[in-house]
Amino acid sequence: MNKNFSLLFGFIILLTFQSCGIYSFGGVTLDERIKTVQIDYFPNNAPLVEPTLSQAFTVALQDLFVSQTNLDLVNSGGDIIFEGEITGYRINPMTATSEQTAAQNRLTVTVNVRYINKYEEENDFQRSFSFYHDYPANSQLIGGVLDEAFEVILERITQDIFNESVAKW
């Protein structure tokens, strides 16, 4: 009885650790040869330029991959590579008051991303990702309002990029 239990337990442990790639509880499944990620600087090529957006976006994407995967962040020669540019940064009025003035504005950021996977080329893509944040029209898009907008927008865009590239959601 004890020997059968030991064999069964050993078999279950073996099955638990047997896999065909890197898997994490975050849903990341990658070829076992993939060890590094390269995330290049995303320049802001939008018609309207916010000076801090490029750096904030690049760092947010790097931080997400460092915290959610076991991949090493490298400057060149990565097994998977992210490159691209910020192509849109626009502010639009969303709702109007009875005096026909804007009651709420919407900041929308769009990022064009090229994903290159050295070992699984069929997963390569080039795609735009976009998200928005609404804020009161009587607020200026500076300081805390801008910080909050960036936090919401960058969290969503970087998570969408992560899901599309390595989580396959």
Side-chain angles (χ1 to χ4, degrees), residues 16-92 94 105-135 139-169:
T16 302
F17 291 106
Q18 179 67 27
S19 69
C20 58
I22 299 171
Y23 180 79
S24 75
F25 290 108
V28 177
T29 304
L30 291 171
D31 186 293
E32 62 188 17
R33 298 171 290 179
I34 297 173
K35 306 289 185 209
T36 60
V37 59
Q38 173 185 331
I39 300 173
D40 293 341
Y41 181 76
F42 280 70
N44 193 339
N45 296 335
L48 181 60
V49 174
E50 167 57 44
T52 62
L53 181 57
S54 289
Q55 183 70 23
F57 173 77
T58 303
V59 168
L61 189 58
Q62 290 172 342
D63 287 349
L64 179 63
F65 273 84
V66 167
S67 68
Q68 297 293 317
T69 70
N70 292 327
L71 300 176
D72 294 324
L73 185 64
V74 296
N75 291 328
S76 63
D79 295 329
I80 57 175
I81 301 168
F82 291 89
E83 57 186 24
E85 54 279 329
I86 296 165
T87 57
Y89 180 92
R90 66 180 191 276
I91 302 165
N92 295 330
M94 290 309 299
N105 288 331
R106 174 172 286 177
L107 171 63
T108 304
V109 174
T110 304
V111 181
N112 185 46
V113 177
R114 288 174 294 283
Y115 170 70
I116 302 160
N117 185 320
K118 187 166 130 180
Y119 296 109
E120 300 171 313
E121 293 178 7
E122 67 276 5
N123 293 333
D124 293 359
F125 65 79
Q126 178 171 337
R127 182 173 162 215
S128 287
F129 295 86
S130 183
F131 200 65
Y132 62 89
H133 177 72
D134 295 336
Y135 63 96
S139 299
Q140 295 222 347
L141 195 56
I142 58 174
V145 175
L146 182 61
D147 292 343
E148 180 184 349
F150 277 4
E151 183 178 330
V152 169
I153 292 169
L154 298 183
E155 179 180 339
R156 177 61 178 268
I157 292 176
T158 57
Q159 191 64 55
D160 287 348
I161 293 167
F162 184 86
N163 291 344
E164 180 75 18
S165 60
V166 299
K168 306 290 187 266
W169 287 14

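FYI, side chains are in, hydrogens and waters are out, and symmetry mates aren't considered; it's all heavy atoms of this structure. Sequential numbering from 1 along the given sequence is applied to the chain's residues. Only a predicted model underlies this, so the values are computations on that prediction, with no experimental measurement involved.
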Could you go through T108 and S130, starting from their C-alpha distance and side-chain angles, then the distance that decides it, and tell me whether this counts as side-chain contact (heavy atoms from CB on, under 4.5 Å)? CA-CA 7 Å; T108 304; S130 183; 3.4 Å; yes
Roughly how far, to the nearest 0.5 Å, is the CG atom of D160 from the OG atom of S165? 10.5 Å
Reported CG-to-CD distance for the pair D63 and E155, which is rounded to 0.5 angstrom: 12.0 Å
Just distance, no hydrogens or angles: give the donor-acceptor pairs under 3.5 Å from side chains in residues 146-154, sequence neighbours left out.
none

Would you sort out whether E120 and R33 count as a salt bridge (Lys or Arg N to Asp or Glu O under 4.0 Å), showing the intermediate values? CA-CA 10 Å; E120 300 171 313; R33 298 171 290 179; over 6 Å; no
Side-chain contact, heavy-atom cut-off 4.5 Å: T110 with F129? no
State whether the side chain of T87 and the backbone N or O of A46 hold a donor-acceptor pair below 3.5 Å, judged by distance alone. no
So do the side chains of M94 and D134 get within less than 4.5 Å of each other, counting heavy atoms only? yes
Should I116 and E83 be marked as a side-chain contact (heavy atoms from CB on, under 4.5 Å) after you check the CA-CA gap, both sets of side-chain angles, and the distance that decides it? CA-CA 9 Å; I116 302 160; E83 57 186 24; 3.9 Å; yes
Quick one: CG on L61 to CD1 on I157, what's the gap to the nearest 0.5 Å? 10.5 Å
Would the number of heavy atoms belonging to other residues, nucleotides or ligands and lying under 6.0 Å from CD of Q126 be above 12? yes
So do the side chains of Y135 and I91 get within less than 4.5 Å of each other, counting heavy atoms only? yes
Could you tell me the separation between the CG atom of L53 and the CZ atom of F42, rounded to the nearest 0.5 Å? 11.5 Å
Please check this pair: side chain of S67 against backbone of L64, looking for a donor-acceptor N/O pair closer than 3.5 Å. yes
Working note: F82 + F65, criterion ring-ring contact (aromatic ring centres under 6.0 Å, His included); need CA distance, chi angles, decisive distance, verdict. CA-CA 11 Å; F82 291 89; F65 273 84; 4.9 Å; yes
Any chance you could measure Y132, atom OH, to N105, atom CG, to the nearest 0.5 Å? 14.5 Å
I'd like to check the salt bridge (charged side-chain N to carboxylate O under 4.0 Å, His left out) partners of D40; sequence neighbours left out, ordered by chain and number. none
Using modelled atom types and a 3.5 Å cut-off, is there a donor and acceptor pairing between side-chain atoms of Q62 and backbone atoms of I39? yes
Would you say Y89 and L107 make side-chain contact, with heavy atoms under 4.5 Å? yes
In Å, rounded to the nearest 0.5 Å, how long is the span from CG of L71 to CD1 of I80? 5.0 Å
side-chain contact (heavy atoms from CB on, under 4.5 Å) assessment of H133 paired with R106: CA-CA 6 Å; H133 177 72; R106 174 172 286 177; over 6 Å; no
Partner of V74 under side chain to side chain contact (heavy atoms under 4.5 Å, CB included), picked from I81, T36, V37, is T36
Trace of the side-chain contact (heavy atoms from CB on, under 4.5 Å) decision for V166 with Y115: CA-CA 10 Å; V166 299; Y115 170 70; 4.0 Å; yes
Among pairs that include at least one residue of residues 42-58, which meet side chain to side chain donor-acceptor pair (under 3.5 Å), considering only residues two or more places apart or in two chains? E50-T52
Between E32 and I34, is any pair of side-chain heavy atoms under 4.5 Å apart? no
Measure from the side-chain N and O atoms of Q38 to the backbone N and O of G78, and report whether any donor-acceptor pair falls under 3.5 Å. yes
Salt bridge flag under 4.0 Å for residues K35 and D79: no
Are the side chain of D124 and the backbone of N117 linked by a donor-acceptor contact shorter than 3.5 Å? yes
